[in-house]
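Notes follow the structure.
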Amino acid sequence: MDLVYENLLSGIQNGVYEPGKRLVISQLAKDNESSEIPVREAIRRLESEGYVEIQANKGPYVKAFDPEKAITIFQIKGVLEGYASRLAIDYLTEADLDGLRELNTQMQACEEAGQNYSDLNQKFHLAIYQRLPQRELYDMICELWKKWGITRSVFSMAPSIIPGSIKDHEHIIQLLSEKDYDGVEQCVRAHKEKAGAVMSAYLRKRKE
């Protein structure tokens with residue numbers, strides 16, 4: 001079931017299964033070379049996570065992502081990752097900070113070349129928390145990145161925010177280097193909430 005779930009989740013997040021598309025269980029079973037049972041279980045899980053809705057007498061459909069939900073998810077990520085950044089100050093080495101600077105330089109080059117920015121962005125943020133001894137917190141953050149991977153598409157929705165994102169990263173690195181606990185927590189929260197507002201605005205406009 002996990003493999004089928006991962007395939008369906010990835011397909012929804014990457015736009016293979018677009019909002020409003022009906023999910024035909026028999027076809028999905030063929031596509032995943034499985035029986036229908038793990039497909040049904042995966043769809044039930046995706047329904048509980050808000051990616052799929054079951055319509056009476058019609059079956060499962062990909063659910064449109066709600067603008068308000070986007071804001072809430074980024075707010076949750078902001079709280080968790082802001083707190084994790086605060087804790088990370090005590091564990092990051094100078095080599096770790098240099099690694100963050102290098103990632104941000106790569107992101108700038110990636111943006112200038114018009115390439116995919118999201119993968120490096122995720123790598124940058126998770127690198128901040130990688131040394132935390134509070135593994136439950138780190139695992140929770142990683143799970144949210146995975147579960148709500150659709151939020152990574154904010155940069156393809158609004159590429160104009162990428163330069164500001166890079167500047168925010170520079171500020172975050174500076175605050176980590178200066179061991180500004182309050183500052184880095186607030187900065188990361190604001191950084192996430194800004195992205196949430198952009199994604200929400202895009203989704204609202206698309207619904208009009």
Side-chain angles (χ1 to χ4, degrees), residues 2-3 5-6 9-10 13-14 45 49-50 69-113 115-159 161-199:
D2 286 345
L3 181 58
Y5 166 81
E6 295 287 352
L9 178 61
S10 175
Q13 292 175 344
N14 295 324
R45 180 173 173 184
E49 294 174 350
K69 188 170 188 175
I71 289 179
T72 299
I73 290 169
F74 275 103
Q75 286 174 338
I76 293 170
K77 284 165 65 72
V79 170
L80 289 175
E81 295 190 44
Y83 179 57
S85 299
R86 180 190 189 97
L87 296 178
I89 286 178
D90 292 333
Y91 303 100
L92 289 171
T93 65
E94 190 58 41
D96 292 329
L97 295 173
D98 285 341
L100 291 172
R101 295 185 184 100
E102 174 59 26
L103 279 171
N104 208 35
T105 298
Q106 290 178 32
M107 277 184 276
Q108 186 170 2
C110 178
E111 187 267 335
E112 291 171 350
Q115 298 171 356
N116 191 325
Y117 178 88
S118 298
D119 290 344
L120 283 173
N121 179 68
Q122 178 176 340
K123 189 174 181 180
F124 173 88
H125 284 285
L126 294 182
I128 296 173
Y129 328 127
Q130 63 182 341
R131 293 192 183 276
L132 285 178
Q134 297 89 350
R135 301 315 293 176
E136 295 84 359
L137 176 58
Y138 179 77
D139 291 343
M140 188 181 299
I141 290 170
C142 290
E143 182 61 27
L144 282 178
W145 273 96
K146 180 179 178 182
K147 178 177 178 179
W148 298 115
I150 196 169
T151 59
R152 287 160 33 97
S153 62
V154 65
F155 298 108
S156 60
M157 293 176 180
I161 70 170
I162 291 177
S165 174
I166 291 170
K167 287 187 180 297
D168 284 352
H169 291 168
E170 291 174 355
H171 192 205
I172 290 168
I173 295 169
Q174 179 183 349
L175 293 169
L176 289 169
S177 178
E178 294 172 352
K179 297 190 180 298
D180 186 340
Y181 297 92
D182 291 339
V184 76
E185 182 170 6
Q186 293 167 9
C187 183
V188 171
R189 287 185 66 168
H191 178 65
K192 296 294 181 180
E193 290 172 2
K194 190 189 308 179
V198 169
M199 186 170 190

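Count residues from 1 along the sequence. Just so you know, these numbers come straight off a predicted model, no measurement behind them.
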Compare all side-chain heavy atoms of [X] with those of [Y] and state whether any distance is below 4.5 angstrom.
| X | Y | result |
| --- | --- | --- |
| Gln75 | Ile71 | yes |
| Leu100 | Leu176 | yes |
| Ser165 | His191 | yes |
| Met199 | Ile73 | no |
| His125 | Lys192 | yes |
| Ile76 | Trp148 | no |

Geometric cation-pi criterion, Arg45 with Tyr5: 6.0 Å, 45° |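 Yes, Arg45 lies over the aromatic ring of Tyr5.
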Give the table of side-chain donor-acceptor pairs shorter than 3.5 Å for residues 138-147, with sequence neighbours excluded, one pair per line with atom names and distance.
unit_1, atom_1, unit_2, atom_2, d
Trp145, NE1, Glu81, OE2, 3.0
Lys146, NZ, Glu6, OE2, 2.7

Take Ser118 and Asn121 through the side-chain hydrogen bond (donor to acceptor under 3.5 Å, both in side chains) test and state the conclusion after the steps.
-> CA-CA 5 Å; Ser118 298; Asn121 179 68; over 6 Å; no
Is Asn104 reaching over with its side chain to a backbone N or O of Ile166, donor-acceptor style, under 3.5 angstrom?
->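 Yes; judged by distance alone, with no hydrogens or angles, the pair exists.
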Can you tell me which residue pairs pass the side-chain hydrogen bond (donor to acceptor under 3.5 Å, both in side chains) test with a partner in residues 176-187, sequence neighbours excluded?
->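 Residue pairs with at least one partner in residues 176-187: Arg86-Asp182, Arg86-Glu185, Asp90-Tyr181, Gln174-Glu178.
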side-chain contact (heavy atoms from CB on, under 4.5 Å) assessment of Ile172 paired with Ile128 = CA-CA 10 Å; Ile172 290 168; Ile128 296 173; 4.0 Å; yes
Considering residues at least two apart in sequence or located in another chain, which fulfil the ring pair (Phe, Tyr, Trp, His ring centres under 6.0 Å) criterion with Tyr129?
->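 Listed in chain order: nothing, the list is empty.
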